[in-house]
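Here is the structure we will look at, set down as structure tokens.
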Amino acid sequence: MSSVDEWKKMAVKEYGSSSVEAMNTLTSEGITLRALYTEEDLHRLPHIHSLPGIEPFMRGPRATMYTKKPWTVRQYAGFSTAEESNAFYRKALANGGQGISVAFDLATHRGYDSDHPRVKGDVGKAGVAIDSVEDMKILFQGIPLDTVSVSMTMNGAVIPVLAMYIVAAEEQGVTPEKLSGTIQNDILKEFMVRNTYIYPPKQSLQLIADIIDYTARHMPKFNSISISGYHMQEAGADSALELAYTLADGREYAKLALARGLSIDAFAPRLSFFFGMGLNFYMEIAKLRAARVLWCEIMSELGAKDPRSKTLRTHCQTSGQSLTEQDPFNNIVRTTIEAMAAIFGGTQSLHTNAFDEAVALPSELSSRIARNTQLILQEETQITKVIDPWGGSYLMETLTNNLIERAKFLMAEVDKAGGMISAIEKGIPKRNIEQAAAQKQARIDKGDDVIVGVNKYCTDAKTTFKILQINNLSVLKKQAKRLKQIKTNRDQKKVEKCLQALASYARSGKGNALSLAIEAVRVRATLGEISDALESVWGRYKAIPSSLNGIYDRIFQHDPVWENSMNRVKKFQNKHGRRPRILLAKMGQDGHDRGIKVVATGLSDAGFDVDLSPLFSMPDEIAKIAIENDVHVVGVSSQAAAHKTLIPELIKILHKKKSGDIKVICGGVIPKQDFAFLKKAGVGLIFGPATPIPTIVEKILDLIE
């Protein structure tokens, strides 16, 4: 009997099963995770003898990896005004931060100046408000842009934001060729998951090509695009979906630049990636190793010769959706595990989320803990002394290959649809990600997937800590005042000439939008004006809301709690002559719709009639839909902290229109400190993150019966 056969015999006896296969797990990626891997698993793997810094770069993009230079510690942040954000960045850099990652508010993301009526609840909330180059200059005051690497998460309004960064540096005395960092600039994923787009896909891609072209010629140290899988994972994608769709997006951008006549080796070395890191520890490590192999293959197929073009470099961020409101100090442990997965996978830079981000923007304390998590891993653990410690692992090498094969299958599905743009237009990636999200949440709600402190090992002990609160009205007034000053002091004729040039570009397609925007920024055109000049020709893209069904029915089949919920819905229908009807709404510029889509799926499966509002609606628009559709309830999903402004306004409008009988409830990232305010404003129910769908069903029925 071989040693493996002997192990199988002992394992079956200990496990209490007739087959060792019973110990295996089928992951959400469709990969069988076996209980034991052996040397036999390595014999058929194609890249088992690869080395770091050498094609296909599975073991790392650089030969020496962290032994010479550890990953860059980044702190992704932006708070209300440029002044406050600048103070945070300078303090973070002084305390061990090694680069800056800028979070912009949603008004900026969506191309609106702070004084626009559609963004009154969003200004300064989920990041820093930037209306002009004067804001950008304050943001980086005292920070030498020729030596500090700057990463900016910006997609929709990427042209004015990048132009303002370039001009702010210019007026600091730093020329474009000295700038280093990254602009996210990945618009394709916005049409799949995050939704901070402005223009239609075709025109949005034109802007990306302009940026790749401009930076290839003038900014050799700057990454022209960060192709982002992070937001796919946040929206519910498993590791294989995130990997496949991120690389498919990257391939699409490379083809776009090639169509412009650029040499692939002129721009490809400055393409970078951005992956999310969840709690599936082994899978996340394998994901980064697999990504490098696949990108090397993709670039080789597109004709790249320079090894730098074939080398996938990535920033990583620990998961936001794995953070819990319940027992929140557990989040410190979760973030540490996710950070280690990114490091073992070979990331080039890393942001660690703060433990309180499930309920609010990170405080100074939580941000320090998050940053120090990385510093401890760098300085105290000896992790940096070994290059790819998982190399040669029976498990890790097999799992890496499994993910490569699974990602290739998913990318072939994209190719069959006619490429990534066509697949997005057909809704394929979005549907697959939303289905994965709903399945995951249903498993959590049922208790099949354990979340410590949420559905197992729960505690009644109350955890209190200081959270960061942003005075939205104060920021709004400050930004409006600065906008007025800028418009008063500038040469309006020069501004109008520049804006007309941008509109002419939008009509003809001739020229480069970034070059034109830089000229406009120099004469103090605002972000909103530059965005409007393009929108006046291209229009603003609007997605059609949709949801899935059948997922909760399948996972909760024969579950007594679920069956009780459905029976209550049927009793309501028999009593009132119709099913309970709910309008699920996103208000303001918050496009994160994972939560609302999952709730829509669950309530629909429970028997509710569910209407979904268009994204980016305002309170008066939501009230109009609610009244016309004769709903019992409006459920507002909030993730970007505009709830204290927009929800009370919605309630006032409903009462004004004599429809105060329509109940208003809300859920999402809402601090408990805000509950009393919302209740006083008339909110009927407030659901925190990770509230199970059966609980939501029961409480809504209690409210409206």
> Any chance CZ of Phe281 has more than 12 other-residue heavy atoms, nucleotides or ligands included, within less than 6.0 Å?
Replying inline: yes

> From Lys221 NZ over to Thr215 OG1, what is the distance, rounded to the nearest 0.5 angstrom?
Replying inline: 14.5 Å

> Would you find a donor on one side and an acceptor on the other, under 3.5 Å apart, between the side chain of Asp210 and the backbone of Leu514?
Replying inline: no

> Once the angle between the rings of Phe140 and Tyr89 is folded into 0 to 90°, is it parallel (under 30°), tilted (30 to 60°) or perpendicular (over 60°)?
Replying inline: parallel

> Which atom pair, heavy atoms only, marks the closest approach of Thr182 to Ser226?
Replying inline: CG2-CB, 3.4 Å

> If you measure from CD1 on Ile285 to CG on Leu288, what distance do you get to the nearest 0.5 Å?
Replying inline: 8.5 Å

> Nearest 0.5 Å, what's the CG-OH distance between Asp131 and Tyr112?
Replying inline: 14.0 Å

> Considering all heavy atoms of both residues, which atom of Leu42 and which atom of Ser393 are nearest to each other, and what is their separation?
Replying inline: CD2-O, 4.0 Å

> Would you find a donor on one side and an acceptor on the other, under 3.5 Å apart, between the side chain of Ser50 and the backbone of His47?
Replying inline: yes

> Would Asp415 and Arg251 pass as an ion pair if we require N to O under 4.0 Å?
Replying inline: yes

> Between Tyr505 and Asn512, does any side-chain donor sit less than 3.5 Å from a side-chain acceptor?
Replying inline: no

> Roughly how far apart are Asp593 CG and Ser637 OG, rounded to 0.5 Å?
Replying inline: 8.5 Å

> Any side-chain heavy-atom pair from Ile225 and Ile211 closer than 4.5 angstrom?
Replying inline: no

> Is the shortest heavy-atom distance from the side chain of Trp295 to the side chain of Val293 under 4.5 Å?
Replying inline: no

> So does Lys310 pair up with Glu55, basic N to acidic O under 4.0 Å?
Replying inline: yes

> Under 3.5 Å, is there a donor-acceptor pair between the side chain of Arg313 and the main chain of Gln348?
Replying inline: no

> Judged by modelled atom types alone, do Ser322 and Glu338 share a side-chain donor-acceptor pair under 3.5 Å?
Replying inline: yes

>> Tell me if the CZ atom of Arg308 is crowded by more than 12 foreign heavy atoms within 6.0 Å.
In response: no

> So Ile198 and Tyr541, side-chain contact (heavy atoms from CB on, under 4.5 Å) or not? Walk me through it.
Replying inline: CA-CA 6 Å; Ile198 301 175; Tyr541 180 78; over 6 Å; no

> What distance separates Tyr199 OH from Leu207 CG, expressed to the nearest 0.5 Å?
Replying inline: 7.0 Å

> Glu425 and Lys430: salt bridge (Lys or Arg N to Asp or Glu O under 4.0 Å), yes or no, with the steps?
Replying inline: CA-CA 10 Å; Glu425 290 173 346; Lys430 192 174 186 69; over 6 Å; no

> Is there a donor-acceptor pair under 3.5 Å between the side chain of Arg292 and the backbone N or O of Met58?
Replying inline: yes

> Taking all atoms of both residues into account, what is the closest heavy-atom pair of Ser547 and Ala600, and its distance?
Replying inline: CB-CB, 4.0 Å

> With side chains defined as the heavy atoms from C-beta onward, is the minimum distance between Ile54 and Leu51 less than 4.5 Å?
Replying inline: yes

> How many angstroms lie between CZ in Phe267 and CG in Leu271, if you round to the nearest 0.5 Å?
Replying inline: 6.0 Å

>> Closer than 4.0 angstrom, basic N to acidic O: yes or no for Asp388 and Arg289?
In response: yes

> With no hydrogens and no angle check, is any side-chain donor or acceptor of Glu434 less than 3.5 Å from a backbone partner on Arg431?
Replying inline: no

> Are Val158 and Ile208 close enough that some pair of their side-chain heavy atoms sits under 4.5 Å apart?
Replying inline: no

> Which atom pair, heavy atoms only, marks the closest approach of Val521 to Ala163?
Replying inline: CG2-CB, 3.8 Å

> Between Ser300 (side chain) and Cys296 (backbone), is there a donor-acceptor pair under 3.5 Å?
Replying inline: yes

>> If we ignore hydrogens and angles and just use 3.5 Å, is the side chain of Arg406 paired with the main-chain N or O of Glu29 as donor and acceptor?
In response: yes

>> Are more than 12 heavy atoms, taken from residues, nucleotides or ligands other than Leu26, located less than 6.0 Å from that residue's CG atom?
In response: yes

> Are the ring centres of Tyr230 and Phe275 closer than 6.0 Å?
Replying inline: no

>> Apply side-chain contact (heavy atoms from CB on, under 4.5 Å) to residues Glu234 and Val193 and explain how you reach the verdict.
In response: CA-CA 9 Å; Glu234 288 296 280; Val193 291; over 6 Å; no

> When you check the side-chain N and O atoms of Gln317 and Asn353, is any donor under 3.5 Å from an acceptor?
Replying inline: yes

>> Among Ile343, Val73, Thr314, Thr72, exactly one meets side-chain contact (heavy atoms from CB on, under 4.5 Å) together with Leu350. Which residue is that?
In response: Ile343

>> For the residue pair Glu397 / Asn401, report whether a side-chain donor-acceptor contact shorter than 3.5 Å exists.
In response: no

> Under the side-chain contact (heavy atoms from CB on, under 4.5 Å) criterion, do Phe274 and His231 qualify, and how do the steps go?
Replying inline: CA-CA 9 Å; Phe274 175 25; His231 302 97; 3.9 Å; yes

> Between Asp122 (side chain) and Gln589 (backbone), is there a donor-acceptor pair under 3.5 Å?
Replying inline: yes

> Are Arg522 and Glu519 close enough for a salt bridge, meaning some N to O gap below 4.0 Å?
Replying inline: yes

> Going by atom types only, do Asp306 and Ser309 share a side-chain donor-acceptor pair under 3.5 Å?
Replying inline: no

> Does one side chain, of Gln233 or Glu284, offer a donor that lies under 3.5 Å from an acceptor on the other?
Replying inline: yes

>> Distance alone, cut at 3.5 Å: any donor-acceptor contact between the side chains of Lys189 and Gln184?
In response: yes

> When you look at Thr196 and Leu106, which way does the side-chain contact (heavy atoms from CB on, under 4.5 Å) test go after all the steps?
Replying inline: CA-CA 8 Å; Thr196 56; Leu106 290 170; 4.2 Å; yes

>> Is it the case that the side chains of His315 and Ser349 hold a donor-acceptor pair, with the cut-off being a distance below 3.5 Å and no angle test?
In response: yes

> What is the minimum heavy-atom distance between Tyr214 and Met219, and which atoms define it?
Replying inline: CE2-SD, 3.9 Å

>> Strictly distance-based, threshold 3.5 Å: is any side-chain N or O of Thr311 a donor or acceptor partner for the main-chain N or O of Pro307?
In response: yes

> Heavy-atom distance under 4.5 Å between the side chains of Leu188 and Glu252, does that happen here?
Replying inline: yes

> Should Lys408 and Glu297 count as side-chain neighbours, where that means a heavy-atom distance under 4.5 Å?
Replying inline: yes

> Any idea which heavy atoms bring Ala235 and Ala437 closest together, and the distance?
Replying inline: O-CB, 3.2 Å

> In terms of the angle between their ring planes, are Phe222 and Tyr165 parallel, tilted or perpendicular, with boundaries placed at 30° and 60°?
Replying inline: tilted

> Heavy atoms, side chains only, cut-off 4.5 Å: are Asn155 and Tyr197 in contact?
Replying inline: no

> Just wondering, do Glu529 and Thr526 contact through their side chains at under 4.5 Å, heavy atoms?
Replying inline: yes

> Do Asn432 and Tyr245 meet the criterion of a side-chain donor-acceptor pair at a distance under 3.5 Å?
Replying inline: yes

> Does any N or O in the side chain of Asp113 come within less than 3.5 Å of the main-chain N or O of Gly528, such that one atom is a donor and the other an acceptor?
Replying inline: yes

